[in-house]
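Here the structure is a predicted model, which means the values were calculated and not measured. All ligand and atom numbering here is 1-based and tracks the order in the structure.
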Amino acid sequence: MSNFTVVEHPLIQHKLSILRRKEVSSKEFRELVDEIGMLMAYEVCRDMPLEDVEIDTPVAHMTAKRLAGKKPVIVPILRAGIGMVDGMNKLMPAARVGFIGMYRDEKTLQPVEYLVKLPTDVDERQVLLVDPMLATGGSAILGVETLKKRGVTNIKFVCLVAAPEGVKAFQVACPDVPIFAAALDDHLNDKGYIVPGLGDAGDRLFGTK
Ligand code: URA
């Protein structure tokens, strides 16, 4: 699959296996999503542009490197995306955070946007759109469309577990947006859950049912 990366880092894979276990408490689940979010951010930011900066160490003058351009924006899709924000923000403390809220219409089963809060200059920034589960792809695609409507051209989608159905739908709708996932699972079941997956990420994060 082009434009689709499974981040194979051993720490991510180890933590994801713990996260999937049904006996893991909400507290542990939140901590693990936080940690995996941080590790995913490390991988996803590999190609961030750098520029030269002149500095003095205690020993000598040197030309060093620093991140160039505007700070990125982390945009969680509510509600489960929130679980990944703190971890990513730890690595990128100057990043802005935006929000896209969606609910699923009970009749059409399609995602409907109810909240969009983004920096005014979001179109000039790299956006990391985050949602732990890429299931049907509906929310992720709507999230990308929402960003594109506001002029954003530089988007990466970051998730933990992806279903092949969601990846396919996303790639058809948003071929220019790379996906980074910690795992590609087997399939979606008839209730829309990823199999084997990890259950409902929002419920597990926030202890709801
Ligand atoms: N959303 C979830 O939280 N889990 C799934 O398995 C699918 C969608």
Check: In the hydrophobic clustering (ILVMFWY, side-chain contacts below 4.5 Å, transitive), which residues join Met62, or is it alone?
Finding: Val53, Ile55
Check: Would you say Ile155 and Leu142 are hydrophobically clustered, going by side-chain heavy atoms of ILVMFWY under 4.5 Å?
Finding: yes
Next item on the list: May I have all residue pairs that pass side-chain hydrogen bond (donor to acceptor under 3.5 Å, both in side chains) and include part of residues 70-85, sequence neighbours excluded?
Entry: Lys70-Asp121, Lys70-Glu124, Arg79-Asp203, Arg79-Thr208
Next item on the list: Could you give me the CA-CA distance, side-chain angles and deciding distance for Lys149 and Glu145, then say whether salt bridge (Lys or Arg N to Asp or Glu O under 4.0 Å) is met?
Entry: CA-CA 6 Å; Lys149 261 191 240 157; Glu145 285 168 359; over 6 Å; no
Per-pair distances, 0.1 Å, donor-acceptor, side chain in residues 166-179, under 3.5 Å, sequence neighbours excluded:
unit_1, atom_1, unit_2, atom_2, d
Gln171, NE2, Ser2, O, 2.4
Asp176, OD1, Lys148, NZ, 2.9
Asp176, OD2, Lys148, NZ, 3.0

Notebook entry, point to check: So do Leu115 and Phe99 actually touch side chain to side chain, heavy atoms under 4.5 Å?
Noted result: yes
Ligand-protein N/O pairs under 3.5 Å (ligand 1):
unit_1, atom_1, unit_2, atom_2, d
ligand 1, 3 (O), Ala201, N, 2.7
ligand 1, 4 (N), Gly199, O, 2.8
ligand 1, 6 (O), Ile194, N, 2.8

